[in-house]
Structure formats: C-alpha cells, structure tokens
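The analysis underlying the following values was restricted to heavy atoms, covering all of them including side chains, and did not include hydrogens, waters or symmetry mates. Predicted model, so just to flag it, every value in this text is computed and none were measured.
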Amino acid sequence: MEETGGVVNAEQPPAVVRRGTNLDRVGGFNDTVVLDAIRRADQRLSRVEIAAATGLSGQAISNITRRLLDAGLVREAGRQKSAGLGKPRTLLELEPTGQYAVGVHLDPAVVTVVVLDLTGQVVARRRSETPATTDDPDVLIAGIAASVEEVITAAGAPRDRVVGVGIAAPGPIDVDRGVVVDPPNLSAWHLVPLRDALREQTGLPVLLDKDVTAAASAEKWAGGPNGRGSFVFFYLGTGVGAGLVIGDEVVRGSSSNVGEIGHVIVDPDGPLCYCGRRGCVGETSQPRYLVQQAMQAGVLAQGIDLDDRHAVDAAFAELCSQAAAGFGSARDIVTALAGRIAKVVEDIANLLDLERVVFGGPHWDQLAPFFDEFVRAALVERFLVRSVHPFVVAGTALGADVGAVGAASLVLDHTFSPNPSVLLLGPAPAENPPAVELGSAER
C-alpha cells in the first residue's frame, strides 16, 4: 500500500478495456474502442497489443489506427523489440494537441475554468471567487463566458480543436433542457437555462452535468488507480454530494441527479434544515453552520455576517487553521464534522459494496488533516465485507480543480469513449471518429 497526502491508496487492478466487434457496420464505435484502450493503458501500446486488448482483428486495427493518426488523435511513439525475430513494433499514444475541452465548475463560492488536452492534462486554468451578484444569473454567465475565452487563449488551443465546454453545476439540474433548477445555495437561480446561454455566448457546444458527477468523471479520466473500479467521490464544498462510479462507469441515475445525500440525517438533535427535518448532513456540513458553532464557542469573533458567503469562507478557513493547530474547541468542531461525514460514507460503501471513497472539492484541502488514521480506521472497521476486499480512503490527486477537470472530462468522455448504444440505435456510424454534439450528459 502507498500512502499519499495523508490518505491511503491501495494498488488497483488494471482498468477494464471494452471489447470491439468485427462487424462491418460499427467502424465509428471501434475507433472509440481503440482510442479508449490507448487512453486507459499504463504504457504505450503496439497494434498487436491493441488487438489483444480489444478483440479486433489485425486488419481492423491497422485501418483504425491509420484513421486516428490521420485525424491527429494519436501519434507514433518509438518502437518496441518483439519477443521473436520479427521487426520491432511501433508504439502508439494519444496526441495531446489532437483535441481540447473546456471545463467550468460553478460552486456558490468559487468559479473554476480549465482547458484539458486529449490526455486529460490541464494546460490552462482560471479560478475566481463567485461574485456576490450571483443573484443575477446573467451577470455570472457573462463572466463565465469571458473566462472561457481567456483560458482558450492562454492554452494556445486552436479554436477548431476545442470540441466543447462542460459545465459542472450544483443540482438539481434538468439535463435534457440544460437547466439549473433550484440549487439550495444559489437561492435566486430558478430554472436558469445555463447550457443554452453559455452556448450562445461562446459559440461552442456545451454539456451540462451535476458537479459531483463531473468530479467522479474526473477521477475516472485522470485520477490514476483511484479512478478505477467502484468508488464514491465525496464532494466537500459549499454543499456536500456523492458522485458514483461502479465498475468503471459513471452512474447518473434516471434524471442525472444522482448523489443528493445532503438530507441523510446524522444528528437528530442538530440544526433545522430547509427540508423541515433536523440534523441533515448537508446542513451540518455548511461552512456557515460551522462558523456559527465557532462563534458560539468563542473560537471566532462575534459579528460575522452569516449571509455573506465570502466572509463565511474566510471565517471557515480560520476555523480550520485553528483546528489544525490543535486548539481544543476549534478541533472539536471540525473533528465532529469529519465523524458525521464518515457515517454517511460508511452507509454508501456498505450499500453499494464499494472499493474506496475519494474525497475532494473546494474544502477538501482544509479538511484533509481531520480525516486522520482514526477516521480511516473507523471507516474500514465498519465496512462489512472487509474480509472479502479492503475499503480504501483516498484524497483526490486533482486538487481544487477536480470539478472543472471533471466537466471537461465529461466532454472528452462524451466525444471519445465507446458508447455501446451505437450498436443498438440509429443509422450506421460514420467511418471517422464521431464529432461531438453536446446537449446533455450521456446517460
């Protein structure tokens, strides 16, 4: 086992590679199967190895890799000596500059915009506080559109290679219409057509998905071993949420609103939630609630405006700093928060028989020290099938950008990952890798 950033990472089995089919009608599907196999591989692959991984014939692999090379999506990357007396095999890898995707993460406290290359690497980013004028969605959307243009320029990405914009927003959302419905921490946002508004202002295809789903997708794409298999991504921001990956597939639910765990009750005597019940984990994890507790305990000075998000975030950072320094009441408040979150994670892990939890989000860096050996040990101890397989507690390797990286990853996933429905629905696919048509997240 390897320990990274205060949390444990276990060695994981290799990613599952989808199998292609040698039927003539599925060229486009097979192109994405091959592209996905190259992306998921831990090392560069030869055509022979790609054929073995995908189940496609040598002739099919030859034709597909030629198309991908011509399209600038893969490149030759040296040669590998063959085991016998044959000539060395040419190795293939993704061409990073082949395509780019923009990702936007809208959190009530911060807006993050990134550009990813085809390998999932961040090549440009912009992060700024969400302006106090979020009560006017038009103002915020205009600001996001301007940031999108800035990061594309900063990345040096040719416009014709930018395949789209993914935007991760707090739920609930209506994916089919591209609408943000009624997010509890953006009180004035009611049925805001965020997808279409951003598409109109940027001129790019736009995909809207939920923030926790985007974060889970980021781990799947760029999280290394933490992004494989079955896990829950536990989002810690202005609100809390859970993104799910089961068997290497992102789970979205029937309306793409999976992960609403904020109303799991963790303290029956806790504060009143807007849902009418007491002690919901979402309410007891709110920075404003924790800051209020700290003021009542004398940890923070009185007079902090709990309706001012930026003031609350600054006070929350101070609370975490004091807790990390070992101050008694401050540490008690934040440690109790970690315990409440661990209880929710325990229930999710046991319900779904998961392999790990990956923590992340804007507040993870501040809270990570409190998910210490005691909390990890308690989670492992309460995992009911630990005698069959371990349960691992990990922090995201993608840092505070995880939501925006996930939003861009959704675009790449939508564009390049194999979609089995191609085999079942619609006309025969095109010969070339599919161009992206983004409207909603693929279910």
Side-chain angles (χ1 to χ4, degrees), residues 15 28 30-47 49-50 61-80 90-105 112-127 147-167 202-207 214 217-224 227 397-399 401-402 404-418 430-438:
N30 284 341
D31 287 3
T32 56
V33 167
V34 170
L35 198 62
D36 194 54
I38 295 171
R39 175 178 70 84
R40 287 171 176 265
D42 293 327
Q43 57 189 4
R44 298 161 180 166
L45 298 180
S46 68
R47 289 171 175 81
E49 291 166 327
I50 296 170
I61 292 297
S62 178
N63 293 337
I64 291 167
T65 55
R66 184 175 65 252
R67 286 197 295 268
L68 296 178
L69 285 163
D70 290 344
L73 299 178
V74 300
R75 65 187 181 188
E76 295 182 344
R79 292 181 177 271
Q80 176 188 62
T90 301
L91 300 176
L92 299 173
E93 65 182 6
L94 293 181
E95 169 53 66
T97 64
Q99 299 284 12
Y100 297 88
V102 180
V104 178
H105 178 205
T112 308
V113 185
V114 301
V115 176
L116 300 190
D117 65 21
L118 187 58
T119 67
Q121 296 299 306
V122 176
V123 292
R125 64 166 53 82
R126 176 181 172 83
R127 196 164 188 258
S147 294
V148 167
E149 298 301 332
E150 290 172 7
V151 293
I152 290 174
T153 300
R159 189 78 176 192
D160 61 355
R161 294 190 183 182
V162 179
V163 292
V165 178
I167 182 161
T202 63
L204 292 166
V206 177
L207 180 155
S217 182
E219 289 298 320
K220 174 192 166 189
W221 259 86
L398 303 176
D401 292 341
V402 63
V405 170
S409 298
L410 289 167
V411 175
L412 296 177
D413 212 25
H414 191 95
T415 309
F416 299 115
S417 287
E431 283 298 309
N432 292 319
V436 65
E437 290 187 10
L438 301 180

What closest approach, in Å, do [X] and [Y] show between heavy atoms, and which atom pair accounts for it?
| X | Y | result |
| --- | --- | --- |
| Gly103 | Ala407 | CA-CB, 3.9 Å |
| Ser147 | Val113 | CB-CG2, 3.8 Å |
| Val115 | Ile152 | CG2-N, 4.0 Å |
| Asp117 | Thr119 | OD1-OG1, 2.6 Å |
| Ala101 | Ala408 | CB-O, 3.6 Å |

Please examine the side chains of [Y] and [X], heavy atoms only from C-beta on, and report whether any two atoms are closer than 4.5 Å.
| X | Y | answer |
| --- | --- | --- |
| Asp31 | Ile64 | yes |
| Leu92 | Arg44 | no |
| Leu45 | Leu91 | no |
| Arg75 | Pro96 | yes |
| Leu69 | Glu95 | no |
| Asp36 | Arg39 | yes |

With rounding to the nearest 0.5 angstrom, report the [atom1] to [atom2] distance, [X] to [Y].
| X | Y | atom1 | atom2 | result |
| --- | --- | --- | --- | --- |
| Leu73 | Thr32 | CG | OG1 | 11.5 Å |
| Leu68 | Asn63 | CG | CG | 11.0 Å |
| Ser62 | Arg67 | OG | CZ | 10.0 Å |
| Tyr100 | Asp160 | OH | CG | 10.5 Å |
| Ile38 | Glu49 | CD1 | CD | 11.0 Å |
| Thr112 | Arg125 | OG1 | CZ | 9.0 Å |

Problem set entry | Short side-chain to backbone donor-acceptor contact, Arg47 and Ile61, under 3.5 Å |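 Judged by distance alone, no pair lies under 3.5 Å.
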Exercise. Do the side chain of Asp401 and the main chain of Val405 share a donor and acceptor less than 3.5 angstrom apart?
Worked result: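 Here the side-chain-to-backbone pair does not exist.
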For this session: For Val114 and Val151, run side chain to side chain contact (heavy atoms under 4.5 Å, CB included): C-alpha distance rounded to whole Å, both residues' side-chain angles, the deciding distance at 0.1 Å, then the answer.
Result: CA-CA 7 Å; Val114 301; Val151 293; over 6 Å; no
For this session: May I have the step-by-step check of salt bridge (charged side-chain N to carboxylate O under 4.0 Å, His left out) for Glu149 and Arg159, ending in yes or no?
Result: CA-CA 10 Å; Glu149 298 301 332; Arg159 189 78 176 192; 2.7 Å; yes
For this session: Verify side chain to side chain contact (heavy atoms under 4.5 Å, CB included) between Val411 and Val102, making sure each step is shown before the conclusion.
Result: CA-CA 8 Å; Val411 175; Val102 180; over 6 Å; no
